[in-house]
Protein chains: 2
Amino acid sequence: MAAEKLVPIRNTNQRQLIFEYLEHTLTHPTAEQIFQNMRQELPRISFGTVYRNLDILEKQGLISTVIYSKEHVRYQVGSMNHSHFVCSNCDKVKNVVIDDLTDLNNQVSRRHKVMVQKYNLIFYGQCANCQKM
Amino acid sequence: MAAEKLVPIRNTNQRQLIFEYLEHTLTHPTAEQIFQNMRQELPRISFGTVYRNLDILEKQGLISTVIYSKEHVRYQVGSMNHSHFVCSNCDKVKNVVIDDLTDLNNQVSRRHKVMVQKYNLIFYGQCANCQKM
DNA sequence: AATTTAAATAGGAATTATTCTTAATTGTAT
DNA sequence: ATACAATTAAGAATAATTCCTATTTAAATT
């Protein structure tokens with residue numbers, strides 16, 4: 001665990017807008033989708049800026065990354081306190097409410113002598129729409 | 001859900017050896033690691049062959065894919081009936097035993113009117129070794 | 001055992017997502 | 001207003017994965 005150099009974080013318009021977009025969207029966009037959306041307001045924004053700011057926002061705990069398939073990483077506001085369902089057919093992502101799993105982290109920490117900081121639970125299957133077809 | 005053309009699957013030495021390697025390793029190798037290992041026995045094997053056979057083995061239900069970070073997809077024998085712990089510091093992956101979660105799929109299926117086929121639960125944190133440092 | 005045929009392979013090119021590099025820009029402290 | 005370091009845009013570089021094609025090979029048929 002290398003000690004990180006402490007560097008002041010400046011407020012930039014780009015990061016502010018990325019966060020606001022994530023805050024207001026109901027979907028779980030990919031970096032590509034975020035980039036395309038930002039281009040409407042900031043036509044000169046680059047992918048590097050999107051990725052860098054997503055990393056910063058995640059380190060600040062304001063957003064979190066959901067890794068739900070080989071191809072697509074998705075982003076959302078807040079930390080990972082809920083789970084996701086991903087339709088294997090149409091790729092849609094749904095937030096999912098499940099019974100309390102808060103003591104799972106402790107259970108795993110105790111049994112395996114590790115320090116669990118978070119978990120990520122993803123369900124895969126067919127959504128209501130795709131089942132009909 | 002497009003109907004898939006039924007195509008005979010032939011037994012090849014390459015696929016057999018990839019499966020045997022996964023069967024006997026205790027780690028959760030990446031495609032790269034599998035490729036390097038296969039090269040010892042099959043010096044002419046290509047990445048395409050590794051990826052194609054991993055896909056086939058997964059479709060046959062003989063192995064499964066664990067997506068545990070943006071950078072690294074990992075493979076293991078069997079289906080995903082257990083969970084994983086990933087150390088955020090050293091990247092090591094551990095199999096984790098947790099209390100019965102078998103009715104989680106049903107719980108989610110019922111509440112969200114979807115058909116859950118599998119779930120993937122990953123814990124992130126610091127392993128015993130990395131905590132000491 | 002030889003022949004046939006489509007599936008699988010090797011090899012390498014192409015694609016895609018992400019990270020890196022650098023000169024120019026900009027937020028903020030003075 | 002000025003200075004300075006953090007951030008940006010732009011595009012090159014990298015890495016993982018997929019795709020393409022001529023050749024090879026498993027296995028069914030003769």
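Naming convention: chains lettered A, B, ... in sequence-line order (proteins, then strands); numbering from 1 in each chain. Just so it is clear, the structure is predicted and the values come from calculations on it, not from any experiment.
- A donor-acceptor pair shorter than 3.5 Å cannot be found between the side chains of A:Ser88 and A:Gln126.
- Atom CD1 of A:Ile67 is separated from atom P of D:dA16 by 15 Å (rounded to the nearest Å).
- Minimum interatomic distance between A:Phe35 and A:Ile45 (heavy atoms only, all atoms of both residues): CE1-O, 3.3 Å.
- A:Lys59 has its NZ atom 14 Å from the C1' atom of D:dA6, to the nearest Å.
- With sequence neighbours left out, the side-chain contact (heavy atoms from CB on, under 4.5 Å) criterion links B:Gln33 to B:Pro29, B:Thr30.
- In this structure, the CD atom of B:Gln33 is 11 Å from the P atom of D:dA16, given to the nearest Å.
- With sequence neighbours left out, A:Leu62 forms a side-chain contact (heavy atoms from CB on, under 4.5 Å) with A:Phe19, A:Leu57, A:Gln60.
- Because its NZ or CZ atom is not both nearer than 6.0 Å to the ring centre of B:Phe85 and within 45° of the ring axis, B:Lys94 does not count as a cation-pi partner of that residue.
- Rounded to whole Å, the distance from CG on B:Leu57 to C1' on C:dA8 is 14 Å.
- The ring-ring contact (aromatic ring centres under 6.0 Å, His included) test applied to B:Tyr51 returns B:Phe47, not counting sequence neighbours.
- Atom CG in B:Leu17 sits about 16 Å away from atom P in C:dA8, given to the nearest Å.
- Proximity of residues 22-29 of chain A to DNA chain D (heavy atom under 4.0 angstrom from any strand atom) is not detected for any residue.
- Regarding A:Arg39, its CZ atom lies at a distance of 10 Å from the P atom of D:dA10, rounded to whole Å.
- B:Asn53 has its CG atom 13 Å from the P atom of D:dT18, to the nearest Å.
- Taking atom CD1 on B:Ile56 and atom P on D:dA26, their separation rounds to 14 Å, with Å as the unit.
- Atoms OG1 and CD, on B:Thr65 and B:Gln76 in that order, are 8.5 Å from each other to the nearest 0.5 Å.
- Checking B:Asn120 against B:His84 by side-chain atom types alone, no donor-acceptor pair falls below 3.5 Å.
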* Asked: How does protein contact run along nucleotides 17-30 of chain C, one letter per nucleotide 5' to 3', with B for base contact, S for sugar-phosphate only, - for none, heavy atoms under 4.0 Å?
  -> SBBB-----BBS--
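- Legend: residues meeting side chain to side chain donor-acceptor pair (under 3.5 Å) with B:Thr27, ordered by chain and number and at least two apart, are B:Thr25.
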